[in-house]
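Quick notes on the structure that follows.
From a predicted model like this one, the values you see are computed outputs, not experimental measurements. Atoms considered below: every heavy atom in the structure, side chains included; atoms not considered: hydrogens, waters and symmetry mates.
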Amino acid sequence: MNNDINSKYKKYIRSKYYVGIVLFIILTIISIISIKIGALNLSWNDIFLCLFNRNMEGSAILWNLRIPRLVVAIIVGCCMGIEGCIMQSILRNPLASPYTMGISQGAGFGVAFSIVVLGAGSLSSASGNIFIMNNPYLTSLFAFLGAMIGVLLIVLLSRLRNITPTAMILSGVAMSSLFSAGTMLLQYFADSAQLSTIVFWTFGDVERAVWNDAWIMLLVFVPCLIYFMYHVWDYNSLESGEETAKGLGINTNKLRMVSLLVASLTAAISVSFVGVIGFIGLIAPHVMRRIIGVDHRFLILYSAILGAIILILADIISRIIIPPIIIPVGILTAFLGVPVFLYVLIKTGN
């Protein structure tokens, strides 16, 4: 009997590893394709040589534009996949994500405030179309503060009225509208340069990525990922119900609060550098739950990988759909995310 159980468990674990291997292969393939696509047509041989010879023609484009863009897309996609996975777990609602909870909009309001009030960003070039963040640390700080305001308001409402997880989603919709109104108010009082900066930034795109952005986001992402992976069994316990988790000695209120704060930090750091990119945090965890179930030992990591895959694919499509025009990737993810949101809403029934 024990041998049979062990055999089934090993088969269960192997199947999850196979899914991870497939996801990693897909991520590798589309990453290579992403490096190939661009205004300058580089052959596969040129790309290979440029990777090892910085003095070759085209190496500057590869190392200063395409590879940083790819790295930032991977990090941001991973952040969004994990954020959605954690929020859906702790709120026990498949519609939860930083975008639907208003956290991304709160971070966006914080960035808009730093641009208009504190002068943290500008559009600067001969043609006036290059986005420059004068103080990325300041914008990241205010993005985090904006995200925290949204989280704290939602948590406060849940404490005062003891509302259900579904009602918390509705609270997030209200917070989203509030922050959007605040951002529009800042735009109303902004001068033309500040307004152009905010509009350009709110499109949400990885095209503006540079190496410094990638390193800063990576330094924030890795500790957050370690925290989430450390609590995988706590999240698994929550899937069995609140009382079960408490019976196992888990402080569910503390777990929810700290997890929301950490998830908001990853959302804030992403928004502050690439703008608001919606719905990836909703799509990636939902798809992975359908494939591998709710075991967070695998669900967290695989949601991150799928989030990166979706964002890179959207970025590739944005470059080839209407050449030579590059559509901001946030627009494409919104078009993709709305049907998925409606599908999940209809599927859940409430």
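Pairs passing the salt bridge (charged side-chain N to carboxylate O under 4.0 Å, His left out) check and including a residue from residues 269-283, sequence neighbours excluded, do not occur. Pairs passing the salt bridge (charged side-chain N to carboxylate O under 4.0 Å, His left out) check and including a residue from residues 313-322, sequence neighbours excluded, read R69-D315, D315-R319.
The shortest non-hydrogen separation linking C78 to F221 is CB-CZ, 3.7 Å. Taking each heavy atom of K16 and I292 in turn, the nearest pair found is CE-O, 3.0 Å. The shortest non-hydrogen separation linking F228 to S259 is CE2-O, 4.0 Å. The heavy-atom pair separating L27 from S31 by the smallest distance is O-OG, 2.6 Å. When all heavy atoms of A190 and V116 are compared, the pair lying nearest together is CB-CG2, 3.9 Å. Smallest separation of non-hydrogen atoms from R297 and V232: CG-CG2, 4.0 Å.
Without hydrogens or angle criteria, R289 side chain to V294 main chain gives no donor-acceptor distance under 3.5 Å. Under a 3.5 Å cut-off, the side chain of T28 and the backbone N or O of F24 do form a donor-acceptor pair. Proximity of a side-chain donor or acceptor of E83 to a complementary backbone N or O of G281 within less than 3.5 Å is not detected. For Y235 (side chain) and M229 (main-chain N/O), no donor-acceptor pair under 3.5 Å exists by modelled atom type. Judged by distance alone, with hydrogens and angles left aside, the side-chain atoms of W211 form no donor-acceptor pair with the main-chain N or O of I67 at under 3.5 Å. Judged purely by atom type and a 3.5 angstrom limit, T266 uses its side chain to pair as donor or acceptor with the backbone of A263.
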Test log, rule side chain to side chain contact (heavy atoms under 4.5 Å, CB included), inputs I103 and M87 | CA-CA 11 Å; I103 294 174; M87 290 182 182; 3.0 Å; yes

Dump the intermediate steps for side chain to side chain contact (heavy atoms under 4.5 Å, CB included) on V258 and K254, then the final yes or no.
-> CA-CA 6 Å; V258 176; K254 180 181 177 181; 4.1 Å; yes

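Using a 4.5 Å heavy-atom threshold, the side chains of L255 and L238 count as touching. Contact check for V19 versus M288: side-chain heavy atoms found under the 4.5 Å cut-off. With a 4.5 Å cut-off on side-chain heavy atoms, V22 and I26 count as touching. Within the 4.5 Å cutoff, the side chain of L225 has heavy atoms near those of the I300 side chain. Between F113 and L145, the closest side-chain pair of non-hydrogen atoms is not below 4.5 Å.
One side chain, S89 or H296, offers a donor N or O that lies under 3.5 Å from an acceptor on the other. Using modelled atom types and a 3.5 Å distance limit, the side chains of Q105 and S176 yield a donor-acceptor pair.
Annotation: the span from L65 atom CG to I35 atom CD1 amounts to 12.5 Å, rounded to 0.5 Å. Atom CG in L186 sits 11.0 Å away from atom CG in L195 (nearest 0.5 Å). In this structure, T333 OG1 and L282 CG are separated by 11.0 Å, a value rounded to the nearest 0.5 Å. Here the straight-line distance linking atom CD1 of I90 with atom CE of M257 works out to 10.0 Å at 0.5 Å rounding.
Atom CH2 of W215 is surrounded by 12 or fewer heavy atoms from other residues, nucleotides or ligands within 6.0 Å.
The aromatic ring centroids of F142 and F109 lie 6.0 Å or more from each other.
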